[in-house]
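Below, chain A is the first sequence line, B the second, and so on; all start at residue 1.
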Amino acid sequence: MTQTAWIIPFLPLLAFTMIVFFLRWKEKVASGFSIAMIVIDWVLSLIILAEALGRHGASYEAKILLTSFKTFNLELGILIDPLTAMMLVIVTTVGSCVQIYSLGYMKDDPRFSRFYAYLSLFLFSMLGLVLANNYFMIFIFWELVGLTSYLLISFWFEKKTAADAGKKAFITTRVGDLGFIVGLMLIAAYCGTFNYQGVFEKAASGTVPVGILTAAAIFIFCGAVGKSAQFPLHVWLPDAMEGPTPVSALIHAATMVAAGVYLVARSMPLFVTSADASMVVASIGLITAFIAASIGLVQNDIKRILAYSTVSQLGYMIMALGLYGYDTANGEHSAGYVAGTLHLMTHACFKGLLFLGAGSVIHAVHTNDIQEMGGLRAKQPRTAMTFMIASLAIAGIFPLSGFWSKDEIVASTAHHPLFFVLTLTIAFMTAFYMWRLCFLTFFGQPRNQHRYDHAHESPGTMTWPLVFLAALSVCAGWVALPWLEHGFSSFVYHGEPHHAEPEYLLMIVSTLVSLSGIGLAWLMYHRKAISADQVAAKFKPIYTLLYNKYYFDELYDLIIVRPIVNLGNKLWSFDANVVDGAVNGTAWLTVVWSDAKQWFDATIVDGAVNGAGWLVRQSAAGLRFLQSGTLQFYALFIAGLVAAIGLYRYFGISYTPTTTGLVTIFFLIGLIVLWYVSRSIWRRSTPAAAAEVEEHSVRVEDK
Amino acid sequence: MWYFLALGAALFALGLFGVITRRNTIGILMSLELMFNAANINFVTFNKCIQGGSMAGQLFAVFIVVIAAAEATVGLAIVLLVYRNWRGIGSDHYNVMKW
Amino acid sequence: MIPVQPEVGVAFWMLAFVIIMSGAMVVSLRNIFHCALCLIICLSAVAGIFILLEAEFLAAAQVLIYVGAVSILIIFAVMLTSNLAVQKIVQTNENALVAFVICLVFMGGTCALVDATHVWRYTAEALPANNTLEIGRQLMTDYMLPFEVVSILLIAALIGAIMLAREEKT
């Protein structure tokens, strides 16, 4: 199966093509076909994972040469190593769940088939991104997922906020992609290839200056910053929640935003060459995680809370990877790589579940505002149960999946006190805001009775994926049990297999932190022992700052958007006055000159042409009467011409072309005149016969 | 011999006049027969003037008689057809090829 | 002045008169049936001219084919096609006057040409005594190919006439 893995991205592409061209109007067939393709992909991915496990971490690579330049080759190819196999399974699992879930969620949407077409296109791009074996291909698919992300965020483009959010996401990630391109150019220039193995060997060989490697790594990390919504480009992800919720789950929680993490993990050999670049990565990750988590504390929109949670968790992963690079560059041992990738996997499970659960809630109450919810546990038992499992997982409660990955991350920060403290703080905040969300949504009294009365449990197509993902959220972390001999860490690793020793102290500390976060949420929002409003009033400035998301949007508007708009206006007025003036002047000259030429054409040239035509037409109008249709008239002419030749000969006129032509013309004219005169005489002399001829003529013409 | 040739010319001119002026298709065919006969008279007359006992003129006349018979047959068949289609055989009935 | 040659006697003038007069009637009479009868007279007179020109075979053929066959065919056609046999409509069309002029010019021109070609005036000579035999001999030797071609032509005309004239069975 591994040898034919290239087929995996093409199945969703086939679904996309079929839907767009053939199944557009057959919604059931379209969705069924799309789901069938991704489920087949899921099975294939599991087989590939099994085969990768069988190879004990050895990678498989197949490539074809696309085109060759003097200094380097562009190739297409696939690379399957443990990281790829893991990503394949994540993408296809969440993809299958989301597609099945969408059957219920998007049921009454007028663009149902188009939604599935976009989803299939996204899965094609994402799987291609994961399978790519070089930076050239990953960049292409990178842009493709950006495109499908844009299409799906603004899927309900009638809503202005959705259309704006799509544009914002596209443009913001483009800023990061600019850096990505620069990084790729540096790699192409200094490594002479785009192939991962080639680049990493070159980087490891020490022939490339460390400064260049640092720059390349940071620039590539820019792409990840954009795609994974890291500070300072994190602003697009919360707005991206304007898209349909399954899209948020698939693209903006589980897979696409993880592409940035994947890119960093994939490029880890570059980062381990440069401690500076790695420290930048780790710092950015930490700042992002902290900022996003703190914003998440006070938001009221259920999807936005989850979005900030996503940003925060992505920051976690990035930080872990960065710390790994830093420690490895300094020759120390670190669990960061395993922690980051493991958290990538577990996060995909529980965050996908959280979004799908949120979608189920929104589907029931038709609002995003958690202040309007409450007590929904009674109405939506299955959703509530799965949602709480996911919340426990993300909070890191033993023995759910989030516990193991978060524990690894905390362990990887052990050598860096600042990171360690902040990580634990973030864990505390995460547990708090997630359970604030849970308590406000599912417990207590309904705060909006009308919405509560209309709420209902979602259909099976929506809840069964929830249950499936909940099971994964519980179990996914168990692959990394520290007591296992050959666990996750001996499968997905960089450099040396990392064998995690169970660190019971850390486990207890992080569990306590999480539990205290949950407990605080319980006190504030369930028991109401501490009034949330009073806390907000007490820390008013901080609350306002957090509530307004650190004013990032306003800041960007002030320092980037406004100046650009102003500059655009200035340029526009320059265009309108000077450039347009010149252009219009030229155009005016052209018009005048054209008018003159047009007059010449119309009067002189057309006059000549039309005159010739007129001449021909007039003479033909006369001569056409010679074509009378009666044989006898023709016979008359033949006889007349023969007689004319006789006369001509008889009078002995010399045969020159001129005389022949002239005589013929004169004779013809004479003959016609003669014939006309004779016909008039005949008509006058025999009026009855003439009338009869006329009548026949008319009758035949009618016929 | 001159008189025979002149007779042929006169008969030919008569036939030509008939072909041009008759308003009845059968009349045109009859006039054509006159013209054939005029030609025949001429050929037979020429035969008298040929040196060396060749009968080419008379043989030509024989062939012309045969061809004229065939022409008359086909022509009259066409006349019948025209009559059936147009309910008349006036030569000005069927000027459908008019300009 | 034109010299009158010995063989042009009273018979020629009579025949010529009959031919011209009946020919004129063929092209000018109003009753098409009368025209057909005049055609028979005219063709018979032409047969007489052939005898004058020592073409006995041709004269016989003329009587058999023209007077016997073609004329009967024409009369049948007249009777089949129309009630024109009894109609008295103007039989000439609007080309009549100019056609008359042209035909006069044509005849005059032809006569002038014949007159200008002196060979026709003086070179009459005796034909072979039994020229019917000679015609047959030459027809079977020198003119074999035209003879066969004409046979095929006749067959073709026969079939063609049948095909054209038969009633369509719908």
Side-chain angles (χ1 to χ4, degrees), chain B residues 1-7 9-18 20-24 26-27 29-31 33-34 37 40-41 44-49 51 53-56 58-59 61-63 65-74 76-81 83-84 88-89 91-92, chain C residues 2 8 12 16 19-20 23-24 26-27 32 35-36 39 42-43 46 49-50 53 55 58 61-62 65 69-70 73-74 77-78 80-82 84 91-93 95-96 99-100 103 106-107 110-111 114 120-121 123-124 127-128 131 134-135 138-139 143 146 150 153-154 157-158 160-161 164-165:
Chain B
M1 305 309 297
W2 189 90
Y3 298 100
F4 290 95
L5 296 179
L7 175 65
L11 192 56
F12 191 88
L14 270 173
L16 186 60
F17 180 76
I20 295 176
T21 58
R22 290 303 296 207
R23 289 177 58 207
N24 187 315
I26 296 178
L29 282 174
M30 291 196 287
S31 308
E33 298 297 337
L34 289 187
N37 272 284
N40 271 355
I41 290 173
V44 175
T45 312
F46 294 157
N47 194 48
K48 285 279 286 179
C49 307
Q51 314 284 332
S54 166
M55 301 305 284
Q58 286 197 29
L59 283 166
V62 168
F63 289 133
V65 168
V66 174
I67 289 168
E71 178 265 340
T73 322
V74 177
L76 289 169
I78 292 173
V79 167
L80 281 179
L81 208 58
Y83 181 74
R84 276 211 293 274
I89 50 170
S91 62
D92 38 17
Chain C
I2 302 158
V8 179
F12 172 79
I19 288 171
I20 299 297
V26 166
V27 298
I32 193 73
C35 291
L39 182 66
C42 181
L43 297 177
V46 170
I49 292 287
F50 286 164
L53 288 168
L58 207 53
Q62 172 87 2
I65 294 172
V70 173
L73 203 60
I74 287 175
V78 167
L80 272 175
T81 52
S82 65
L84 289 179
Q91 282 294 329
T92 54
N93 65 9
N95 299 332
F100 185 71
C103 288
F106 191 88
M107 193 182 77
T110 316
C111 288
V114 168
W120 304 123
R121 236 180 263 176
T123 56
L127 287 169
N131 61 37
E134 189 64 18
I135 285 174
Q138 292 195 1
L139 205 56
Y143 294 89
V150 157
L153 176 76
L154 268 180
L158 186 70
L164 283 174

At a 4.5 Å cut-off on heavy atoms, which part of Cys42(C) comes close to chain B: side chain, backbone, both, or neither?
side chain
Please report the interatomic distance CZ(Phe12(B)) to OG1(Thr110(C)), rounded to the nearest 0.5 Å.
8.0 Å
Can you tell me which portion of Leu158(C) sits under 4.5 Å from chain B's heavy atoms? Options are side chain, backbone, both or neither.
neither
Max heavy-atom pair count under 4.5 Å with chain C, selected residue of Ile67(B), Leu29(B), Thr73(B), Leu14(B)
Leu14(B)
Indicate the atoms forming the closest heavy-atom contact of Ala161(C) with Ala77(B), along with that distance.
O-CB, 3.6 Å
For Leu59(B), side chain to side chain contact (heavy atoms under 4.5 Å, CB included) partners two or more places apart:
Met55(B), Ile135(C), Gln138(C), Leu139(C), Tyr143(C)
Can you confirm whether Phe100(C) is buried at CZ, in the sense that more than 12 heavy atoms of other residues, nucleotides or ligands lie under 6.0 Å from that atom?
no
What residues, two or more places apart in sequence or in another chain, satisfy side chain to side chain contact (heavy atoms under 4.5 Å, CB included) together with Leu7(B)?
Ile41(B), Phe12(C), Ala16(C), Ile19(C), Ile20(C), Ile49(C)
What part of Ala69(C) is in contact with chain B, defined as an atom under 4.5 angstrom from a non-hydrogen atom: side chain, backbone, both or neither?
neither
If one checks every heavy atom of Phe106(C) against chain B at 4.5 Å, the contacting part turns out to be side chain
Work out which heavy atom in Met30(B) is nearest to a heavy atom in Ile32(C); give both atom names and the distance.
CE-CD1, 3.6 Å
Closest heavy-atom contact between Val26(C) and Arg22(B)?
O-NH1, 3.0 Å
Side chain to side chain contact (heavy atoms under 4.5 Å, CB included) between Ile26(B) and Cys35(C), intermediate numbers included:
CA-CA 10 Å; Ile26(B) 296 178; Cys35(C) 291; over 6 Å; no
Between Leu16(B), Asn37(B), Val44(B), which shows the greatest number of heavy-atom pairs under 4.5 Å with chain C?
Asn37(B)
Minimum heavy-atom distance between Ala69(B) and Val70(C), given as atom pair plus value
CA-CG2, 4.2 Å
Can you tell me which portion of Ile74(C) sits under 4.5 Å from chain B's heavy atoms? Options are side chain, backbone, both or neither.
both
